[in-house]
Amino acid sequence: MLIEEVLASVDVIQNPYLKAITYARIGTRLALAKNLLYEKAFKKAFDTVGEIDDPIEILRALLTIAFYLGKANMKSSKKMFRQVAEDATNFPKKVRDGIFKEIISYMLQLNEIDEAFYYSNYVSNEKLKNELLVEILKKHLENLVGEKIRVIHRMRKIDLIIEHITKEPYRSYAIAEIIKTYLKIGEYDRAILMIGELKNKYWLKQTVKEVLFYLKHKNLDKKYAGRLLNVAIDISEQFNIDINEDLAVVFAVNGDIKHSITALKFIKNKEQKLAEIVKILIQRRPEIVLPYLQALSSKDAENASKVVMNYLINNPSKEYIHIAKYISENIESEQVLVKVVQYYLKLGEVVEAARIASGLRDKRLRSLALGDIAHYLLKNNQIGDAIDLVMHVEDPKLSSVLISEILVKVVDQELKKTSRGVDNANS
Amino acid sequence: MQILEKLTGAEKKEKIEFMLRLIDRLLADDDLFTDKILLMDTVEEMYFMLRQLALGSKDENLLNAFEKVAILRYYLQNKDALDKEILKDVKNSLARVASR
């Protein structure tokens, strides 16, 4: 029998720890194949443990054997784990924690969540304990997604485990994982309620975002957005975590303008924050900018438009021309309109720029806008048009500068012409 | 002054721990992040967080992490792909910052 020969050959392995584990691994395979030699293999494994000198090593070997017994579906596995756990309590804290960490890792591999949770109680280092509990929770959540039966019972276990995860950052991370699972199994109300447990600003923001996007994909965002916003605002007030600004961004980026503006109402220094929000929007979701401006009150829209125009002037692209057009038609502030003129000039839309500039009532601003246009014309060598324009510039300081520019430019051109004439005569 | 330093140190630590776990989530191949805008926004969030931390910092690992996340963001914006290898590099650099 080859298998018997193999079992006899294991003896050549010198390291007794490895030898014991090898017997156990063979034992598992035999047991699963219903080969009765498994008993012999496991017995040999136990016998070999006696050859190990180091007591901690003995415990670790026993744990591994217990694990392989578990994999072979042997009932004695659990008993062995208990026995080793009991023995481990006699060791100093650090060693003990190490052993329990191993036990828990084996339990998770055997998918024994309850057992793993039970052993986590014995871990004395708080940080390690929290870390292990997060692992246990994650495994439990994994099981939850696949299975539909006894979900209620399993959800209660989630609450039990999370109660024991008390340290940050583990707690926030664990809650974020729970929320993700709730979303996947369709427990949207629970997911939103769970957000209330988050006390970390970054996780709060990230999770609200994730929930919102997930609901949007399920076409449920309209139904739950209000509730989501309320929970988030509650927390931010209760724990003094200022995320309203972030919420306004999150909702806006998601295209939910109505709720974004609701969130905006709770912001303290609104003007400055609005500017930041609009800036993010135009960078990340330019298509939202126009409807957003339309939804804002006229004063807010004016401030927001200023930010938008500043951005457009620095990043002139034809893509955004409809936004500029909307602003030029709907925003009364002439300061903003001057910016629109500048944007049109950057795009080379002189006629449109001139049309808006001529409509400005404020003398100083009109001069400024006309000056910009004249400057543009000069740059493009349309001196005749520029001179016409300068006649309308009423600000004496500005018109002087422009006239000076024009005169110099005319001389430049004249000189160029004559030098070309000379060149021609010479050739 | 000491209190202030302590406070800012705590904030930095909090941010780095948050990002480390966020990266774990991104690496986990979760269908949560199949949404392009959410993915983009999450990476963008990390980019700005790291930029703020890296500015004025002399920590080589932190600067490395920022550099990598900037590349990651560029790829995502221009090539439409989340490069997991670069994301792992960001994680490794951040882990080194955290272990200090």
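Heavy atoms only: backbone and side chains are in, while hydrogens, waters and symmetry mates are out.
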Exercise for review: Give a yes or no on this: more than 12 heavy atoms of other residues, nucleotides or ligands lie within 6.0 Å of atom OH of B:Y75.
Suggested key: no
Revision key, fill the gap. OH of A:Y202 to CG of B:L22, rounded to nearest 0.5 Å, is 12.5 Å
**Study point:** Contacting moiety of A:E177, where chain B heavy atoms sit under 4.5 Å
**Key:** both
Check your understanding: Would you find more than 12 non-hydrogen atoms of other residues, nucleotides or ligands less than 6.0 Å from B:F48 atom CZ?
Key -> yes
Exercise for review: Sort A:Q206 into side chain, backbone, both or neither according to what part of it lies under 4.5 angstrom from a heavy atom of chain B.
Suggested key: side chain
Check your understanding: How many angstroms lie between CD in B:E17 and OH in A:Y173, if you round to the nearest 0.5 Å?
Key -> 13.0 Å
Review point. Should the heavy atoms of other residues, nucleotides or ligands under 6.0 Å from NZ of B:K15 be counted, would the total exceed 12?
Key: yes
Review point. In Å, rounded to the nearest 0.5 Å, how long is the span from CD of B:E14 to NZ of A:K201?
Key: 9.5 Å
Review point. Taking everything shown except B:K68 itself, do over 12 heavy atoms lie less than 6.0 Å from its NZ?
Key: yes
Check your understanding: For B:M49, is it the side chain, the backbone, both, or neither that has a heavy atom closer than 4.5 Å to a heavy atom of chain A?
Key -> side chain
Review point. Which atoms of A:K180 come close to chain B, meaning under 4.5 Å heavy atom to heavy atom: side chain ones, backbone ones, both, or neither?
Key: side chain
Check your understanding: Can you tell me how far CZ of B:R25 sits from CD of A:E210, rounded to the nearest 0.5 angstrom?
Key -> 4.0 Å
Check your understanding: What part of B:D24 is in contact with chain A, defined as an atom under 4.5 angstrom from a non-hydrogen atom: side chain, backbone, both or neither?
Key -> side chain
Point to revise | Which portion of A:Y214 sits near chain B, non-hydrogen atoms under 4.5 angstrom | key: side chain
Practice item. Check whether more than 12 heavy atoms from other residues, nucleotides or ligands sit under 6.0 Å from atom NZ of B:K84, and answer yes or no. Key: yes
Review point. Using non-hydrogen atoms only, which part of B:L20 is less than 4.5 Å away from chain A: side chain, backbone, both, or neither?
Key: neither
